[in-house]
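Proteins come first, then strands; the chains are lettered A, B, ... in the order of their sequence lines, and each starts at number 1.
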Amino acid sequence: MKSEQSSVLILGPTATGKSELAVALAQRLDGEIISADARAIYKELTIGTAKPPLHLRERVPHHLIDFLEPTQRYDVMQFRHDALTALEAIRARGKLPIVVGGSTLYISALTGTFFAGPKADPRIRQRLEAHPQELLRKRLEEIDPQAAQRIHPNDKVRTVRALEVFELTGVPISRWHKESKIPFPYKFTKIGLTLDRKILYERINARVDQMLAQGLLEEAKALRAKLTPEMPAYRTIGYEELFQYLDGEISYDEAVRLIKKHTREYAKRQIIYFKREPGVHWVDATGKSQGQLIDEVSRILKELGYPVQDLAS
RNA sequence: GCCGAGGUAGCUCAGUUGGUAGAGCACAGGACUGAAAAUCCUGGUGUCGGCGGUUCGAGUCCGCCCCUCGGCA
């Protein structure tokens, strides 16, 4: 572990104010921000992904935002690589890396271990996906009973991935998981944001209305022509529902209702996932102003030895 | 005050000829190793307005009371 000093990692469900906190901390700690967000990576998905606004990005350098075409594929190990590159570059500049994000698996890639197996092969994947799940499941039970035990019979995504790994390497994925563990070479001080569930949901609902007022529908219209359902960017909350509306499948009101619902469900999944992340300094943002929140987190970091500058402005 | 309709889950409601209640929405818990804002699993959460009565048994039938919404005064 080559970490003289840890970097900072801010995690938590959507709409808790992570981005703003990150910028404020970057200013007090002379840092730069690395986004761990599997949708903010794409250009043109701007309003719906709640990217930090330009004026914040001008104040503090942000990395891994807006660097991919929405038609491109990306995955967690590419993220791991890109994040590592960015992190080392920031450190080389003598600055503090601050990772911020809500993409659960991306966070895990930085705090946990991954296996050195093969990456996705679109051709194999496509071929496997064409088969009915029952058949894929049967095959998984034959080649990797251990994985079959952990993967639910209905979970096609994981079934396909397991079969793909086996086809590419001849080694069952369960063995990969057991025998190949590569940790991320840097440690993080983890700050987790929480918010009273009810307030969080209200905030999500309000934010969706705000996104629509800002022109989310126009953005979705422009994207509809370029994206197909196979592309990850297509499956983005706030866009997929509007695509359905634009295709005449559901009403506008229904689309809006679904965006809110899906975002709430997403936030809940994030909460559950992050719960098991070890060593997080949890900070409850309920009832606190932006300033109070920043002060509280600054205090925590100061106690941990970070050189927090007091901005008496 | 009179007439009518109604009080069942957080909300909107369904509930056969009496057999200790269920649907949508909302919500809760969980899984997760290269698609992760993805994918998948589990869960009905209840003084059936209240009190009595009939009955082996009442959300359901009877009586009284309370409350809500219409209409007439």
Check whether the side chain of Glu129(A) and the base of A35(B) form a donor-acceptor pair under 3.5 Å. yes

Lys268(A) side chain, from C-beta outward: closest of C32(B), G29(B), A36(B): G29(B)

Is Gly102(A) touching bases, backbone alone, or none of the nucleic acid, heavy atoms closer than 4.0 Å? sugar-phosphate

Write down the partner of A37(B) under the Watson-Crick or G-U wobble criteria, each distance required to be under 3.5 Å. none

Assert: residue with more 5' nearest nucleotide on RNA chain B, out of Ala50(A) and Tyr273(A), is Tyr273(A)

Distance, C1' atom - from C62(B) to U55(B), rounded to whole angstrom: 12 Å

Pairing donors with acceptors under 3.5 angstrom, does anything connect the side chains of Thr159(A) and Gln133(A)? yes

Specify the separation, in whole Å, of atom CZ of Arg161(A) and atom P of G34(B). 5 Å

Residue pair Glu69(A) / Thr71(A), side-chain donor-acceptor N/O under 3.5 Å: no

Answer yes or no: does a side-chain N or O of Arg80(A) lie under 4.0 Å from OP1 or OP2 of G34(B)? no

Tell me whether the side-chain N or O atoms of Arg125(A) pair up with the base of A35(B) as donor and acceptor below 3.5 Å, since no angle test is needed here. yes

How many whole angstroms separate atom NE2 of His262(A) from atom C1' of A37(B)? 11 Å

What's the closest nucleotide to the side chain of Asp75(A) if the choices are A36(B), A31(B), A35(B)? A35(B)

Would you tell me if any nitrogen or oxygen in the side chain of Thr104(A) comes within less than 4.0 Å of OP1 or OP2 on A36(B)? no

Please work out if Thr113(A) contacts a base, only the sugar-phosphate, or nothing of the nucleic acid, heavy-atom cut-off 4.0 Å. base

Which nucleotide, A36(B), U39(B), A37(B), lies nearest any side-chain atom of Val157(A)? U39(B)

Check whether the side chains of Thr236(A) and Tyr42(A) place a donor and an acceptor atom closer than 3.5 Å, and report yes or no. no

Indicate whether OP1 or OP2 belonging to C32(B) is found under 4.0 Å from a side-chain N or O atom of Arg276(A). yes

Roughly how many Å apart are G59(B) and C48(B), using the P atom of each and rounding to a whole number? 8 Å

Does Gly112(A) reach a base, just sugar-phosphate, or nothing at all? Heavy atoms under 4.0 Å. nothing

Suppose you measure atom P in C56(B) against the same atom in A73(B); what distance do you get, rounded to whole Å? 49 Å

Euclidean distance for C1', U42(B) against G49(B) (whole angstrom): 34 Å

If you compare every side-chain N and O of Arg197(A) against the phosphate oxygens of A28(B) (OP1, OP2), does one of them come in below 4.0 Å? yes

Between the base of A26(B) and the side chain of Lys261(A), is there any donor-acceptor pair under 3.5 Å? no

For G29(B), does either OP1 or OP2 sit under 4.0 Å from a side-chain N or O belonging to Arg269(A)? no

Proximal nucleotide (of C40(B), A35(B), A36(B)) relative to the Arg73(A) side chain: A35(B)

N/O (side chain, Lys275(A)) to phosphate O (OP1/OP2, G30(B)) under 4.0 Å: yes

With the side chain defined as heavy atoms from C-beta on, Ile237(A) is closest, among G34(B), G29(B), A37(B), to A37(B)

Looking at the side chain of Arg257(A), which of C32(B), A35(B), A26(B) is the nearest nucleotide? A26(B)

Nearest to side-chain heavy atoms of Ile272(A), which nucleotide of C27(B), G30(B), U33(B): G30(B)

Between Gln78(A) and Asp75(A), do the side chains contain a donor N or O and an acceptor N or O under 3.5 Å apart? yes

Test: Arg264(A) cationic atom under 6.0 Å from Tyr266(A) six-membered ring centre, within 45° of axis: no

Scan side-chain atoms only and decide if Arg207(A) and Thr14(A) contain a donor-acceptor pair under the 3.5 Å cut-off. yes

Would you mind classifying the nucleic acid contact of Thr49(A) as base, sugar-phosphate or nothing, using non-hydrogen atoms under 4.0 angstrom? base

Write down the distance separating the P atoms in G50(B) and G7(B), rounded off to the nearest Å. 13 Å

Do we count His177(A) as stacking onto U33(B) if the rule is ring centres under 5.5 Å and planes under 30°? yes

Determine: side-chain N/O of Asn154(A) to OP1/OP2 of C41(B), distance under 4.0 Å, yes or no. yes

When the C1' atoms of G22(B) and A14(B) are considered, how many whole Å apart are they? 7 Å

With P as the reference atom in both, quote the distance from U47(B) to A9(B) in angstrom, rounded to an integer. 7 Å

Would you measure the distance from the P atom in G52(B) across to the matching atom in G29(B) and give it in whole Å? 39 Å

State, without any angle test, whether Asp253(A) and Ser251(A) hold a side-chain donor-acceptor pair at a distance under 3.5 Å. no

Polar pair under 3.5 Å, donor/acceptor by atom type, side chain Arg158(A), base A38(B): yes

